[in-house]
Peer 1: 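Quick one: this structure, given as C-alpha cells, is what I'll be asking you about.
Throughout, protein chains are lettered first and strands after them, A, B, ... in sequence-line order, and every chain is numbered starting at 1.
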Number of protein chains: 2
Amino acid sequence: MDTPTLDDLRVSASRACALLRVLAHEDRLVLLCRLAEREHTVGELEQALGIVQPTLSQQLGVLRREGLVDTRRDGKYIHYRIASDDALAVMQTLHARFCADTTNHGDTR
Amino acid sequence: MDTPTLDDLRVSASRACALLRVLAHEDRLVLLCRLAEREHTVGELEQALGIVQPTLSQQLGVLRREGLVDTRRDGKYIHYRIASDDALAVMQTLHARFCADTTNHGDTR
DNA sequence: AAAACAATATATCTGACGATATATTGTTGG
DNA sequence: CCAACAATATATCGTCAGATATATTGTTTT
C-alpha cells in the first residue's frame, strides 16, 4: 500500500475525473440529490426543481449516457433512478459535508 | 431529516459544485493525490508528475485560490499541502472507489 | 550588499469543449 | 388522429485548458 506508479495514478485519476465532470454541474447535482431519495419521473423533477423540460432532458441524457442513472418506462411516464454506486458514494460524502444538519454549524473547514 | 427546500438544496449544491469543479481536472486530481500523502515542493511535484512548471503553477494557483491547499515557504522552496477537509473527504471516497487494491477486482458498479 | 542564478508565479493568446436556448421530432394515451 | 410528454438536433456563446514568454522572489557567493 505505497505510492502507486504514475501510470496507475493517471488511469485512476482519469476514471475518477470522468465521474467528477458529470457531477460538477449544479442542475445535475440537484437532480441526483432528488434521485438519491427515490426514483422520479421527468415531470416530477421538472416541477420540483424548476428546470425547464428541454434543459432537464439534456442533463438527464448526460447522466444516462455516463451510466449514472437508469430509466424505466411506465406508460406515458419515464422513471429515473440512480444506477452508479460510485456516484452514490460521492453524493453521500457531499451530503454529509454540505447538507449537514443546519442545527450544527461546526465549521470544520 | 426530510426533503430540504429547493433553496437550501440549491445553496448546498452550489457550494458542493464549486468544489467538484476544482476537482474535475485530471492534473489537479493527481496533484491532490500526492499531497494527500504528505506535503511537497513545486519541484518535487513537477518531477514526480511530469507536468511542465508553468502549467503546474497555474493548477496549484487554482487550488490555492479555492482554498484546497496551503503553502509554506522554506527558503527557496515552497511546500504545498492540503488545507480543505471537504476536498480530503471527497478524495478519500474517490480513492476507495477508483484506487482500490488491485488484488481485489470486485466490480461493485 | 550586489550580481548571478534558481524556483515559482503571472500574463497573454489560441483552440476546444460545454452550456443554454430554441426549434423539431418522436411516442404514448385518449 | 390529436394533445401532452419526452427526447433530440442545431446554433450560439462563454469558459477553460495549454503554450510561451516574462516577471518576481529568494539564495548564494564574493
Peer 1: Supply the atom-to-atom distance B:Gln58 CD to B:Ile51 CD1, rounded to the nearest 0.5 angstrom.
Peer 2: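 The CD atom of B:Gln58 sits 11.5 Å away from the CD1 atom of B:Ile51.
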Peer 1: Just the endpoints, please: which first and last nucleotides of DNA chain D, 5' to 3', lie under 4.0 Å from a heavy atom of chain B?
Peer 2: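 Terminal contacting nucleotides, 5' to 3': D:dA17 to D:dT27.
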Peer 1: Count the heavy atoms of every other residue, nucleotide or ligand shown that sit under 6.0 Å from CD of A:Gln47, and state whether that count exceeds 12.
Peer 2: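 Open.
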Peer 1: Against B:Arg65, only a single residue in B:Val62, B:Leu68, B:Val69 fulfils side-chain contact (heavy atoms from CB on, under 4.5 Å); can you say which?
Peer 2: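 The side-chain contact (heavy atoms from CB on, under 4.5 Å) with B:Arg65 is passed solely by B:Val62 among B:Val62, B:Leu68, B:Val69.
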Peer 1: Checking A:Ser84 side chain against A:Gly67 main chain: does a donor-acceptor pair fall under 3.5 Å?
Peer 2: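 Looks like no, no N/O pair under 3.5 Å.
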Peer 1: Find out whether B:Tyr80 and B:Leu63 are in side-chain contact, i.e. whether some heavy atom of one side chain is under 4.5 Å from a heavy atom of the other.
Peer 2: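 No, too far: nothing below the 4.5 Å cut-off.
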Peer 1: Any non-hydrogen side-chain atom of A:Thr93 less than 4.5 Å from a side-chain atom of B:Gln92?
Peer 2: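 Result no, sub-4.5 Å side-chain heavy-atom pair not found.
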Peer 1: Mark yes or no for whether A:Arg28, through its side chain, and A:Val22, through its backbone, hold a donor-acceptor pair below 3.5 Å.
Peer 2: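 Confirmed, A:Arg28 side chain pairs with A:Val22 backbone.
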Peer 1: Near DNA chain C, under 4.0 Å by heavy atom, which residues of residues 73-82 of chain A?
Peer 2: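 Only A:Arg73, A:Gly75, A:Lys76 qualify.
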Peer 1: With a 4.0 Å cut-off on heavy atoms, is A:Gly61 in touch with a base, just the backbone sugar-phosphate, or nothing at all?
Peer 2: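 It contacts nothing in the nucleic acid.
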Peer 1: Indicate yes or no for a side-chain donor-acceptor contact from A:Ser14 to the backbone of A:Arg10 under 3.5 Å, with no hydrogens or angles considered.
Peer 2: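 Looks like no, no N/O pair under 3.5 Å.
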Peer 1: Base contacts versus sugar-phosphate-only contacts with protein, heavy atoms under 4.0 Å: please encode nucleotides 11-20 of chain C as B, S and - from 5' to 3'.
Peer 2: BB------SB
Peer 1: Is there a side-chain contact between B:Glu44 and B:Tyr77 (heavy atoms, below 4.5 Å)?
Peer 2: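 No, every pair of side-chain atoms sits at 4.5 Å or beyond.
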Peer 1: Would you say the side-chain atoms of A:Arg34 pair up with the backbone N or O of A:Ala36, donor to acceptor, closer than 3.5 Å?
Peer 2: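 Looks like no, no N/O pair under 3.5 Å.
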